[in-house]
Structure formats: C-alpha cells, structure tokens
Amino acid sequence: RTKAGSEDLPPPKAEKARATEGEGAASTVDAALNVFQGLILFLICILAFSTRLFSVLRYESVIHEFDPYFNFRSTKYLVSEGFYDFHNWFDDRSWWPLGRYIGGTVYPGLMFTAAIGYHLLHAFRFTVEIRNVCVMLAPFMSMMTSLATFFLTTELWDSSAGLYAAAFISIVPGYISRSVAGSYDNEACAIFAMIFTFAIWVRAVKRGTIFWGAMAAFAYFYMVLSWGGYIFLINLIPLHVFALMICGRYSNKLYVAYNTFYILGTLLSMHVQFVSFQPVSINSPEHMGAAGVFGLLQLYTYFYWIKSMVSEKQFKYILRMAILGAVGVIILIVLAALSGRVPFLTARFKALLGSTSNIAIVKSVSEHQPSSWTTFFFDMQCLMALVPVGLYFCFMNLTDANIFIILYTITAMYFSSIMVRLVLVLSPVVCVMAAIGASETMKNYSYVNWSSLNPAAKSASRGEGATYDAEKKGAKAPKEKFSGLKKLANSKSTKAKSRKKAVSIPTGLMVSVAFLVLFYFYTIHCTWVTSIAYSSPSIVLAAVNGDGSKTVFDDFREAYQWLKFNTHPDAKVMSWWDYGYQITAMGNRTVIVDNNTRNNTHIARVGYAMASPEERSIRVIRELDVDYVLVVFGGKIGYSSDDINKFLWMVRISGGIFPEVVEAEYYNAQGMYTVDSSATSTMTNSLMYKMCYYRFGELMTQYGRPTGFDRTRNTEIGKKDISFRYLEEAFTSEHWMVRIYRVKKDIPLDEYLPPV
C-alpha cells in the first residue's frame, strides 16, 4: 500500500475502508472515555468514604447518637444468635415491665446488611469486630449511593451529568449528616436503597419489560426492609404513573412496568413483619394511593381497549357513566372517612401533609420541626441555586424519565420544608438536578468559536457555511476527504453539538472559571460542615480551651460503665427516654422507657415522676420497681442538651395523661421558665430539679461567680439546700454531666400520700 493508503483503492472499497477506520477510531476513543469515566467514579468513591472518617480519626471507632445503639445491640444479637432467634427475640431489658418484641417492631435491613458484611469478611479471613463493621457501614454505603446516583442520573440524562451528580452527593452535607462513620442508623442503607429503586424504576419505564419491573420491586423490598421512609417511594412512583396518564403519555411499557412493580413489590413488602398487611389494609392511608393508581391503570387500559372496539358515540356514553361512577365512589370514601369508618387521615399522615401535631411527644423531637431557609443552604450550599437550572433543562427536554425527577424534586422540596429530618430525602435529588444544570451549562459554554484566533480557521468556517448554504439551496457541495478521526469528529453527537450557537472565548472562559470557583467553595464548605458539625459523636464531647488544648468529656460512657460493673444485673434504671438505648446497650441494664417511644402513657408516667415532688414521685418509682434514677445535667460545663432544658417537655407529656401536672405552675410570676430565685415552689420541689442541683449549691463553677452558678442557664440557682428522703446519690461523673441516684427500698411510704 502506498502512502495515500486506502485512497488508492476503488471508490466503493475506499469508502468502506474509511468507514471501518472511522468506526475503529470511534470505538478506541469510547473505550478510553469509559476507562477515564471509571477512574473518576473510583476516585469519587474514595472521596465519599474518606470524607466521613473525621470522627474516627479524632476520637475512636465509636457509635454515635442514641438510636444507633439499639441497632448495634440488635446486630450483635443477630450475629451471635442467628436469624430465627433474632426474628423471635423478646427483649425484657426494655420497657419494663412490658418488654418489647424486637422481631415485629423493627426494620431489619440495616442489621441484615451489617451481619452479611460481617460474615463475608470472616469468610475471607478478615477477622473484623462487629463494632467496626457497624461503624464503617455508613461510609461504605455512601460509596454505593454515589454509584447509584450516577446510575440514576445517567438514565435520566447522560453520563456527564451522572459524574457531576456522583461527585456532588459524595460530599453534600445533607446526606453526610446521616452517613458519617459511626452513624449506624437506618438511613445509612435506606438512602442507597431509595436512589437505586428510583434508578431501576426509570429504566423499567424506559424498557417496559417484566425483568426491570421485577428488579425495581426487589430494590423496593430492600428499601422496605431498611426504613419507614419507604412510604415516600410507594407514593411517588404511583404519582409518576398518574402524571404520565394525565399528560397523555400512557404506553404498554408503563403498564407492564407498574403492574410488575406493584404486585411483586406489595407481596415482598408484606414479608417484613413490621409492615405485615398494611399495604392492603384500609387502616393504612399511606398505601391507598398506590392501590388506587393500580386500579386506575387497569381501568385506563380497559377503556383504551374499549375505544378500539366501539363507535365514538358509544365510547363517549361509556366514559360519561364511568366518570359518574368514579365520582360516586370518591364521595362514599370521603363520607366514610368523615364518619370515622375509614381512618383516612391519621396523625402521621396529616403531619406529613403539613398539619401541626398536638401530640407533645412528637413535637418534642427536634427532627420533627419545620426546616428554616438556612438549613437548605447549610446542607446543600450552591446546589440549591443550580436546581432551577436543572429543572429548566428537564422541562425543555420533557420525557417520561424527566417527569419523574421533576415530581421527585417538587415533592421532596415540600416535605423537607415540613420536617427537617426529610432534608435527607431532598439532598439526592438536589444533587441530580444541580448536576444536570451544571453539566448542560458547561457543555453550552464550552462550545467556543475558535475561529477568532485563527484566520485560516475563520475562512474555513466561512467555507463550511457556504457549503451548508449550497446544500440548503439544492446545489452540490464540494467533496472533502476525511480521515477516521475527522469522521469521528463529524459523528452524530458532534453534529448535534454543532447546532448550538458558539460563544466567544472570553465568555466561555469566564463561565468555566466561575463554575470552578463555585465548586471549589462548595468543596470547602462541605468539608468544613462535615468536620465541625457532623463528625462529633454525642456520646463523647470535646471543647477547645483558651490555650488551644482540648478537653474531652467522656461522662456518658463513664456512667454507663459504672452501671454495668457496680449494680446488680437485674437492676432497673429510670431515665428520660432519650438515654434508654444507650443504657441498655452500654450499661446492660433494664430501662423503663427508651427511644422507641411506642407507649406514650408509659413515658408520661416517667415524666410524672420527674415533674412531681419526691413524696409523690416515689409512688411511681416503687410501682415500676425502679432501683436507680439517672439524669443528665450540664450546669457545670455549659452542656445545653441536659434534662433541665428538656424538663418542660416532660411536664407537657405527663400533663397530657395526668391532669394534676399543670405546665403553668413551672413558670415564674413573669411567665418565664427559670431556675433562679424567682422559680416557683412547684419547680424547685420537683424531683428533676432536686436530682440535678443536689450539692450543686456548694460548687464554684466559674471564677467571679457565686456558688451554684449554672453555666448553661447563666444564672445562680434559687434553691441550694436540697435533701432526699427516698433517694441517695450513688454516682456523679467527672464533669457532673450524668448523675445516678439509688432508690432506698427500706423506708416505708407515708400513709397520707395519695395513690397515682
């Protein structure tokens, strides 16, 4: 062959050779791009894992918060005893004397995932302790979430936007808040399950096969196993189907995908014992929407078939009668709900729709409060500004998949504004929308008009324009010989790109630099929030002194270890419900109430004991067979999340059951809640006040302040001469954060004390 190569061949063979050469070059470039894309995803996964390790590096491998301690204890039981014993486990160390049936009151997906990972590691001879598996599970699942987000965004848009989305969600604070190392809570697995289910559902709608519908159902089953937030999925997916039918986008693919997903997903979800028959019960309004859309889809398909079988006049009559029948059914359902025969609007359902809850125990949880505007910018920073850009591009290129992500954005925005905990559900879709907006904007402004730098290129571009004009007028354009790489450059994607209007070099450079600066500060913000706000375990606290040294407050574990080694194994400990899981997991002692909050009356009895004088509280304490009473106090070191600051919620919760507890009696004459000399006798004589401030009046907490100065409330306590008759101090931690009192069993009760 000569230097000219394939040009010496006959014309048909030359064209075929050039086409083959172009295809080979294109496949080589595609392979290189796929390798580069895989490398970027690998680096994103490393970033997602490593950025969540601040707490382990600063403190140690420790479980955070309160709920994760129950999950950790349950996982240890599952690993040691096996699945069947865990499924039938009745825990007699919680909710004394009621107990708790664990197998039927938990979402076990988190425990199953950790146990499977533990056994797999040991099968490959990695002898990792179960505690370390639980601590590192959330960072590992964040890697999987980044991959699932890439998959979802690629299905919705393209792989370029998918890389943006994966990078965004790997460090977004809204998701990191529940996925740092040690945050062993249900959301660690649930967010991955949610995004993966959405990605499979989008593919099922696009493909319309039973296989992908079944895959979506199995992904949904894992979501049901993991978190009660599966209610969001089983309502959003039917809403997507309903919107497609309303928009005239019904297809056989949609029919196959949703029928397969709903039938198989419902059957699988009913195997979770905590869910049981709720998906098919009228007592669960959260599941009615999915069933209603399933029935509506059958009717829609039936009428679609009827329309092809009858005349237009007959079809209009049938349609009119069907509409009247549907209206009648809706009226009957509404009347039944108003009469109370169908519990259509439960308290939980109304709370999610924005109704203010009047249940004190629900309002007392900080996660149930409405979100402020600063929360969105703190947890998602500049991504919030890119969401409208992504919505714009989705509306400009409206598809079945894009309609789904638009609905996800709108609903997640609404629910996250009602409950701050649901910002976690909003974060993934914000990353996806911001990724679409950023990707398309960068593509548009990267198409630069380079002809301004090269006169030859400028004349060539004019020649191309003349060729285009000649083709448009019908004239024969001059022939031009292309190499394989030029054929790749003039491929379908490049032709689509050439339709965009080229921008000047300064404009493209300015936009690119602006995005780089924006993403740089986004990275700095996310790293700072992760390091400072979300990587401090509540079980171990730290403070920086004036000279730069650090003081560690390990009072909680100190107190729980004291309980474990200095009390009888059958001892019962009464505390506020916030600390129940930690006492059971680390102290290995029976508690009266814990964080499950499954019995409001039982919690109210504990609140009644805390809010009453000692002479009245001892009745409840003796009835519950309590051996020790534990309180958390922060007046010495300035710890604000102590029981004195939570005390009003104890009063409100107990006042809902026991009318003799009146909240107004705990305010001073000016209507203020205080612990100083203006506090009422009801406040200063309450058991909570006495247990927190016993011997505190003798303590000097701050230089230049009187003894008994509360650094949290910034005031001197009003009552210092405190004594007990039925209790005695058993343990006070180093910094007075945890105080434990022993109940005297040998002192008889006064006969005049009224029964509870």
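Note that this is a predicted model, so its numbers are computed, not measured.
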* To do: Could you check if a side-chain atom of Ile263 sits within less than 4.5 angstrom of a side-chain atom of Phe294, using non-hydrogen atoms only?
  => yes
* Asked: Would you say the side-chain atoms of Arg52 and Ser179 include a donor-acceptor pair closer than 3.5 Å?
  -> yes
* To do: Taking Ser146 for its side chain and Ser142 for its backbone only, find out whether a donor-acceptor pair lies under 3.5 Å.
  => yes
* Within a radius of less than 6.0 Å around CD1 of Ile210, do more than 12 heavy atoms belonging to other residues, nucleotides or ligands occur? -> no
* salt bridge (charged side-chain N to carboxylate O under 4.0 Å, His left out) partners of Arg249, counting only residues at least two apart -> Asp400
* To do: Please check if atom CZ in Phe515 has more than 12 non-hydrogen atoms from other residues, nucleotides or ligands closer than 6.0 Å.
  => yes
* Dump the intermediate steps for side chain to side chain contact (heavy atoms under 4.5 Å, CB included) on Val293 and Tyr258, then the final yes or no. => CA-CA 9 Å; Val293 171; Tyr258 185 71; 4.1 Å; yes
* Asked: If you measure from CG on Leu422 to OG on Ser371, what distance do you get to the nearest 0.5 Å?
  -> 7.5 Å
* Asked: Looking only at heavy atoms, which two atoms of Thr301 and Tyr250 are closest? And how far apart?
  -> OG1-OH, 2.8 Å
* Asked: How about Phe232 and Tyr408: are their ring centres within less than 6.0 Å of each other?
  -> yes
* So how far is it from Ile195 CD1 to Leu147 CG, rounded to the nearest 0.5 Å? -> 11.0 Å
* Structure fact -> Correct closest heavy-atom pair for Val205 and Lys253 would be O-CB, 3.8 Å
* Under 3.5 Å: donor-acceptor pair, side chain of Ser446, backbone of Lys443 -> yes
* Asked: For Ser160 and Ser439, does a side-chain donor sit closer than 3.5 Å to a side-chain acceptor?
  -> yes
* **Within 6.0 angstrom of Tyr392 OH, more than 12 heavy atoms from elsewhere** => no
* To do: Assess the side chains of Tyr164 and Thr153: does a donor N or O sit below 3.5 Å from an acceptor N or O?
  => no
* Shortest non-hydrogen contact from Ala166 to Thr149? -> N-CG2, 4.4 Å
* To do: Report the C-alpha distance between Ser170 and Thr51 in whole Å, list the side-chain angles of each, state the deciding distance to 0.1 Å, and finish with yes or no for side chain to side chain contact (heavy atoms under 4.5 Å, CB included).
  => CA-CA 9 Å; Ser170 66; Thr51 195; over 6 Å; no
* Asked: Between Tyr175 and Thr145, is any side-chain donor less than 3.5 angstrom from a side-chain acceptor?
  -> yes
* Asked: In Å, rounded to the nearest 0.5 Å, how long is the span from CD1 of Ile200 to OG1 of Thr197?
  -> 8.0 Å
* **Side chain Lys206, main chain Glu155, donor-acceptor under 3.5 Å** => yes
* For Phe150 and Gly162, work out which heavy atoms get closest and say how close. => CD1-C, 3.3 Å
* Asked: Short question: side chain of Ser281, backbone of Gln278 - any donor-acceptor pair under 3.5 Å?
  -> no
* Would you mind telling me which of Phe277, Tyr262, Tyr230 makes a ring pair (Phe, Tyr, Trp, His ring centres under 6.0 Å) with His287? => Tyr230
* Compute whether any side-chain donor of one residue and acceptor of the other, for Thr375 and Ser372, lie under 3.5 angstrom apart. => yes
* Asked: If you measure only the distance, is there a donor-acceptor pair under 3.5 Å linking the side chains of Tyr534 and Asp379?
  -> yes
* Asked: Looking at side-chain heavy atoms only, is the closest gap between Thr441 and Leu386 below 4.5 Å?
  -> no
* More than 12 heavy atoms of other groups within 6.0 Å of Tyr445 OH -> no
* Is the closest side-chain heavy-atom distance between Thr399 and Ile403 below 4.5 Å? -> no
* To do: Using a cut-off of 6.0 Å, state whether more than 12 heavy atoms not belonging to Phe521 lie near its atom CZ.
  => no
* Asked: Judged by atom type as modelled, is there a donor-acceptor pair below 3.5 Å linking the side chain of Asn397 to the main-chain atoms of Phe393?
  -> no
* To do: Measure centre to centre between the rings of His525 and Tyr520, then say whether the value is under 6.0 Å.
  => no
* Asked: Would you say Tyr107 and Ser226 make side-chain contact, with heavy atoms under 4.5 Å?
  -> no
* Any donor-acceptor pair under 3.5 Å linking the side chain of Asn34 with the backbone of Asp30? -> yes
* Trp201 versus Val241: any side-chain heavy-atom pair under 4.5 Å? -> yes
* Structure fact -> Distance col, row Ile176:CD1 vs Ser427:OG, nearest 0.5 angstrom, shows 10.0 Å
* **Heavy-atom closest pair, residues Pro388 and Ala385** => CD-O, 3.4 Å
* To do: Could you walk me through whether Trp157 and Glu440 pass side chain to side chain contact (heavy atoms under 4.5 Å, CB included), step by step?
  => CA-CA 10 Å; Trp157 206 257; Glu440 287 302 305; 2.7 Å; yes
* To do: Supply the atom-to-atom distance Ile436 CD1 to Cys394 SG, rounded to the nearest 0.5 angstrom.
  => 4.0 Å
* How many angstroms lie between CZ in Arg421 and CD in Glu187, if you round to the nearest 0.5 Å? -> 4.5 Å
* Run the side chain to side chain contact (heavy atoms under 4.5 Å, CB included) check on Phe519 and Phe168 step by step: do they pass? -> CA-CA 9 Å; Phe519 294 152; Phe168 287 157; 3.7 Å; yes
* Ser504 and Thr507: side-chain donor and acceptor closer than 3.5 Å? -> yes
* Asked: Are Leu424 and Ile191 side-chain neighbours, meaning at least one heavy-atom pair lies under 4.5 Å?
  -> yes
* Mind checking whether Ser251 and Leu254 have side chains closer than 4.5 Å, heavy atoms only? -> yes
* Is the side chain of His240 donor-acceptor paired with the backbone N or O of Leu236 at a distance under 3.5 Å, no angle test? -> no
* **For Pro279 against Thr266, the heavy-atom pair lying closest together** => CB-CG2, 3.8 Å
* To do: Verify the neighbour count for atom CZ of Phe196: are there more than 12 heavy atoms of other residues, nucleotides or ligands below 6.0 Å?
  => no
* Counting only heavy atoms not in Tyr302, do more than 12 fall under 6.0 Å of its OH? -> no
* To do: Could you tell me if the ring centre of Phe140 sits under 6.0 Å from that of Phe192?
  => no
* To do: For the residue pair Gln298 and Tyr255, establish whether any side-chain heavy-atom pair is separated by less than 4.5 Å.
  => yes
